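Note that ligands are numbered from 1 as they come in the structure, with each ligand's atoms numbered from 1 the same way. Count residues from 1 along the sequence. The structure displayed is predicted, hence computed values, not measured ones.
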Amino acid sequence: MKFLITAGPTREALDPARYITNRSSGRMGYALAGAAKHDGHEVILISGPTALDVPAGVDFIHVESAQEMYEAVRDMVKYADVAILCAAVADYRPVAYSEQKIKKDGERLIIELERTPDILGSMRDVFGFTGTLIGFAAETQNVEDYARGKLERKKCDFIVANDVSRSDIGFDSRENEVALVFPDHTEYLEKDTKEHIAMHIIEHATIIRR
Ligand code: PMT
């Protein structure tokens, strides 16, 4: 099977020196790419900036912004049987990019932000993707309920939900603890390394038949 996996954060530039980003290390997404490759699948990994090595044998596309990730996914999704969107895509970006470094000439600086394109939400209705679709949900409360809402709205086969209010799992940690939220049930995976969690997710992804 062919997997398309997104990973890492995006960077939304304010000026040549500054950007808005988040704490994603890319580990969860890279672990998914490594696990899928290990199981003999072809993998396209589309990633924002990270400090990680790309798993051997994986096709790699580096992006910076949410817009670039959107365009890379749009262009590559036709090759995929399974798409797993694990990236922590910025939800907002600066409305204006300053070509010059913004000067600190006031006590306050107000930055206007606008929504970025919703990549997961575009998969079915805009990109026409008919393969297996797996989204992530990074929540700090009502984790399973919010994930179930995303599952329905984004037309996913399942959602991998994690609690990002905890420092021992989720963002920038070596381990994770997730709930796999399916339309008719939820499966809880105990806290484990991201590599082991990834193996379970890939296993589930390959047995779904659409
Ligand atoms: O990278 P690590 O340090 O290993 O951390 C892993 C992780 C915490 C980043 C990962 O486990 C995780 O939760 N990834 C999803 C992060 C996220 O942005 O969640 P969300 O609930 O805001 O978004 C829901 C889904 O929509 C995600 O599949 C996301 O990729 C997608 N999305 C979000 C915004 C956007 N503009 N387009 C999208 O496609």
What class does the angle between the rings of His185 and Phe182 fall in, given that below 30° is parallel, 30 to 60° is tilted and above 60° is perpendicular?
parallel
Would one find an N or O of [X], backbone or side chain, under 3.5 Å from an N or O of ligand 1?
| X | result |
| --- | --- |
| Ala138 | yes |
| Val164 | no |
| Leu85 | yes |
| Lys194 | yes |
| Ser173 | no |

Just wondering, do [Y] and [X] contact through their side chains at under 4.5 Å, heavy atoms?
| X | Y | answer |
| --- | --- | --- |
| Asp81 | Thr132 | no |
| Leu113 | Pro94 | yes |
| Val63 | Glu71 | no |
| Phe129 | Val73 | no |
| Ile197 | Met28 | yes |
| Asp59 | Ile61 | no |
| Glu177 | Asp163 | no |

Only heavy atoms of [X], strictly under 4.0 Å: list the atoms of ligand 1 that pass.
| X | answer |
| --- | --- |
| Ala137 | 21 (O) |
| Asp172 | 2 (P), 3 (O) |
| Gly26 | 1 (O), 2 (P), 3 (O) |
| Thr116 | 36 (N) |
| Pro117 | 35 (C), 36 (N), 37 (N) |
| Asp91 | 34 (C) |
| Arg27 | 1 (O), 2 (P), 4 (O) |
| Ser24 | 1 (O), 2 (P), 3 (O), 9 (C) |

Between Lys194 and Glu175, is the closest basic N to carboxylate O distance under 4.0 Å?
no
Best match, Arg174, Lys150, Met69: closest heavy atom to atom 20 (P) of ligand 1
Lys150
Can you check which of Tyr92, Phe171, Phe136 brings a heavy atom nearest to atom 9 (C) of ligand 1?
Phe171
What residue and atom, counting heavy atoms only, is the protein's closest point to atom 29 (C) of ligand 1, and at what distance?
Ala87 O, 3.4 Å
Specify the protein heavy atom at minimum distance from atom 7 (C) of ligand 1: its residue, its atom name, and the distance to 0.1 Å.
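Scanning the protein heavy atoms, the shortest distance from atom 7 (C) of ligand 1 goes to Asn162 OD1, 4.3 Å.
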Shared hydrophobic cluster for Val164 and Val178 (ILVMFWY, side-chain gaps under 4.5 Å)
no
With heavy atoms and a 4.0 Å threshold, my read on which part of Asn176 contacts ligand 1 is side chain
Short version for Ile119: what comes under 4.0 Å of ligand 1, heavy atoms counted, is both
Looking only at non-hydrogen atoms, find the nearest pair between Gly29 and Leu45 and report the distance.
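Smallest heavy-atom distance, with atoms named: O-CD1, 4.3 Å.
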With distance as the sole criterion, is a donor-acceptor pair present between the side chains of His204 and Glu187 under 3.5 Å?
yes
